[in-house]
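See below for the structure under consideration.
On a predicted model such as this, the values are computed, not experimentally measured, just so you know. Residues take their numbers from the sequence shown, with the count starting at 1.
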Amino acid sequence: MIEVRNLVKKYGTHTAVDHLDFKIEPGRIYGFLGPNGAGKSTTMNIMTGYLGATEGEVIIDGHDILKEPEEAKRHIGYLPEQPPLYMDMTVREYLKFAAELKGIPGKKREQEITEVEKMVRIHEVRNRLIKNLSKGYRQRVGLAQAVLGFPEIIILDEPSVGLDPKQIIEIRELIRGLAKRHTVILSSHILAEIREVCDYILIISKGRLVASDTPENLEKKLGEHNAVEIETEASPSEIRTILKPVPGIERIETRSSGGKLTQGRIMEKKGEDVRERVFRAFASAKVPLLTLKASDTTLEDVFMELTQNDKVPDAFTDKKEWEEVGSDAGDL
Ligand code: ADP
Ligand code: MG
């Protein structure tokens, strides 16, 4: 349905999109996940014909977005990061204008606009000026514009940025509803959002596609390295000393959990289970372990691992508190 081949976008010497290759098949909700600056918006702008690529091509239902833009664009509805709203128009005036641009025939226009207004629940504000609407309602107007004409593919760039929690839940419901009739691609730097809504994830880091699969498979594939969580009154440096002779440990992270407690995450080498050795090491040092349990790899770990060198996105700031106390078993 969409084929992106060898896509490259350079801004001067900076490569924002670095040889992206992927396919979008009908009937799924795809999520572009990546930290800010990863190249999500640039990719979406190229896919929708708003921006030219430096190299590569985008084929939409057999039409090259550059060579046959009209044909290709007919299959796509797009909500860019900054929705192109006209503040001095009413919702209805704006949607009429958008319907005209999309070439929706005059007879069908009124009826279709009403249908879309009802669908995204803006029918009751249709005669209000856009500038007088809240951010949440404006976002829905942008969404209505993308849905008009009922294109097969709907592309939404960070659709919930700037919305409050209630509005976020509403927009997610709308997106799920859309997916019944459309293929939806949405971007976000927030993992929880992508996990919640999407059934296929493309993780982008520094303009590259670093992983693409279903959420379950991503967890499985990268879940071979497991971790053990511990809690103890020992300090990070004591933990390091105690665990130094224990084989099978890849790396240790610690954080203080308030009071005298230190929480530790012990990353195991592939295929190792170090729980018993960790227990014995603490016992022989006569330091009580208050918690010792296996922790499964979460999608969050996968995302962190794959985008490690990037800026840590807002949604993961809690992870920043983890401090690595040894990068390999040798120097623990
Ligand atoms: P994302 O949407 O994932 O946050 P963007 O596609 O907006 O990422 O940006 C990718 C990279 O390209 C960033 O480093 C950004 O600074 C850079 N970039 C984006 N737009 C421009 C532009 N018009 N000129 C120069 N650099 C840009
Ligand atoms: Mg963006």
Margin query: Any salt bridge linking E81 with K40? Criterion: basic side-chain nitrogen under 4.0 Å from a carboxylate oxygen.
Written below: no

Notebook entry, point to check: Stepwise, does the side-chain contact (heavy atoms from CB on, under 4.5 Å) test hold for E233 with L261?
Noted result: CA-CA 5 Å; E233 287 187 2; L261 285 186; 3.9 Å; yes

Check: In this structure, are over 12 heavy atoms from other groups packed under 6.0 Å from R176 atom CZ?
Finding: yes

Margin query: Less than 6.0 angstrom separating the ring centers of F32 and Y200, yes or no?
Written below: no

Margin query: Set out, in order, the CA-CA distance, both residues' side-chain angles and the distance that settles side-chain contact (heavy atoms from CB on, under 4.5 Å) for I65 and I59, then state yes or no.
Written below: CA-CA 6 Å; I65 190 81; I59 312 289; over 6 Å; no

Note to self: Taking E170 first and then K166, would you say they form a salt bridge - that is, a charged N and a carboxylate O separated by under 4.0 Å?
What the structure shows: yes

Next item on the list: Not counting sequence neighbours, which residues clear salt bridge (charged side-chain N to carboxylate O under 4.0 Å, His left out) with K67? List them please.
Entry: D64

Check: Is the number of heavy atoms from other residues, nucleotides or ligands within 6.0 Å of CD (Q82) greater than 12?
Finding: no

Check: For atom NZ of K10, is the number of surrounding heavy atoms from other residues, nucleotides or ligands below 6.0 Å larger than 12?
Finding: no

Notebook entry, point to check: So, D88 and K131, do they make that salt bridge, N to O below 4.0 Å?
Noted result: yes

Contacts table for residues 69-77: side-chain donor-acceptor under 3.5 angstrom, sequence neighbours left out:
{"from": "E71", "atom 1": "OE1", "to": "H63", "atom 2": "NE2", "distance (Å)": "3.3"}
{"from": "E71", "atom 1": "OE2", "to": "R74", "atom 2": "NH2", "distance (Å)": "2.3"}
{"from": "H75", "atom 1": "ND1", "to": "D61", "atom 2": "OD2", "distance (Å)": "3.1"}
{"from": "H75", "atom 1": "ND1", "to": "E152", "atom 2": "OE2", "distance (Å)": "2.6"}

Margin query: Whether the side chain of D273 engages the backbone of R275 through a donor-acceptor N/O pair (distance < 3.5 Å, no angle test) should be reported.
Written below: yes

Next item on the list: Would you tell me whether E193 and S160 have side-chain atoms, one donor and one acceptor, within less than 3.5 Å of each other?
Entry: yes

Checklist line | Stepwise side-chain contact (heavy atoms from CB on, under 4.5 Å) test for Q139 and I171 | finding: CA-CA 9 Å; Q139 197 70 343; I171 214 111; 3.9 Å; yes

Checklist line | Backbone of R28 reached by a side-chain donor or acceptor of D199 within 3.5 Å | finding: no

Item checked: L202, I2, I29 screened by side chain to side chain contact (heavy atoms under 4.5 Å, CB included) with I185, the one that passes -> I2

Notebook entry, point to check: Would you say Q145's side chain and G142's backbone share a donor-acceptor pair under 3.5 angstrom?
Noted result: yes

Notebook entry, point to check: Y30 side chain to E25 main-chain N or O, any donor-acceptor pair under 3.5 Å?
Noted result: yes

Notebook entry, point to check: Can you tell me how far the CD atom of Q263 sits from the OG atom of S256, to the nearest 0.5 Å?
Noted result: 8.5 Å

Notebook entry, point to check: Just how far is it from atom CD1 of I175 to atom CG of L186, taken to the nearest 0.5 Å?
Noted result: 5.0 Å

Notebook entry, point to check: How long is the span from the CD atom in E272 to the CD1 atom in I249, to the nearest 0.5 Å?
Noted result: 9.5 Å

Check: Once the angle between the rings of F150 and H182 is folded into 0 to 90°, is it parallel (under 30°), tilted (30 to 60°) or perpendicular (over 60°)?
Finding: parallel

Next item on the list: Indicate yes or no: does E250 engage K269 in a salt bridge with an N to O separation below 4.0 Å.
Entry: no

Next item on the list: Check whether more than 12 heavy atoms from other residues, nucleotides or ligands sit under 6.0 Å from atom CZ of R208, and answer yes or no.
Entry: no

Next item on the list: Could you tell me the separation between the CD atom of E100 and the NZ atom of K96, rounded to the nearest 0.5 Å?
Entry: 9.0 Å

Next item on the list: Decide yes or no on side-chain contact (heavy atoms from CB on, under 4.5 Å) for V228 and E268, but give the supporting numbers first.
Entry: CA-CA 8 Å; V228 176; E268 298 172 317; 3.4 Å; yes

Note to self: When you compare the side chains of R109 and T114, does any donor N or O come within less than 3.5 Å of an acceptor on the partner?
What the structure shows: no

Checklist line | T15 (side chain) donor-acceptor with D18 (main chain) under 3.5 angstrom | finding: no

Checklist line | Spacing of CG belonging to L178 relative to OG1 belonging to T183, to within rounding of 0.5 Å | finding: 11.0 Å

Notebook entry, point to check: Taking atom CG of L218 and atom CD1 of I203, what is their separation to the nearest 0.5 Å?
Noted result: 5.0 Å

Check: Looking only at atom types and distance, does a side-chain atom of K102 sit under 3.5 Å from a main-chain N or O of L148, one as donor and one as acceptor?
Finding: yes

Next item on the list: Could you tell me whether the side chain of Q111 and the main chain of K108 form a donor-acceptor pair under 3.5 Å?
Entry: no

Checklist line | Salt-bridge criterion met for R251 and E253 (N-O under 4.0 Å) | finding: yes

Notebook entry, point to check: Would you say T291's side chain and I230's backbone share a donor-acceptor pair under 3.5 angstrom?
Noted result: no

Note to self: Looking at Y11, I'd like to know if the NZ or CZ of K9 sits under 6.0 Å from its six-membered ring centre while staying within 45 degrees of the ring's axis.
What the structure shows: yes

Note to self: Check for me, please, whether I60 and L51 land in the same ILVMFWY cluster - side-chain distances under 4.5 Å, paths through other members count.
What the structure shows: yes

Margin query: Regarding T90 and N127, do their side chains bring together a donor and an acceptor under 3.5 Å, going by distance alone?
Written below: no

Checklist line | Residues in side-chain contact (heavy atoms from CB on, under 4.5 Å) contact with Y50, at least two apart in sequence or another chain | finding: N45, T48, Y78

Notebook entry, point to check: Where the side chain of K118 meets the backbone of H123, is there a donor-acceptor pair that is under 3.5 Å apart?
Noted result: no

Next item on the list: Would you confirm whether D21, through its side chain, and N6, through its main-chain N or O, come within 3.5 Å as a donor-acceptor pair?
Entry: yes

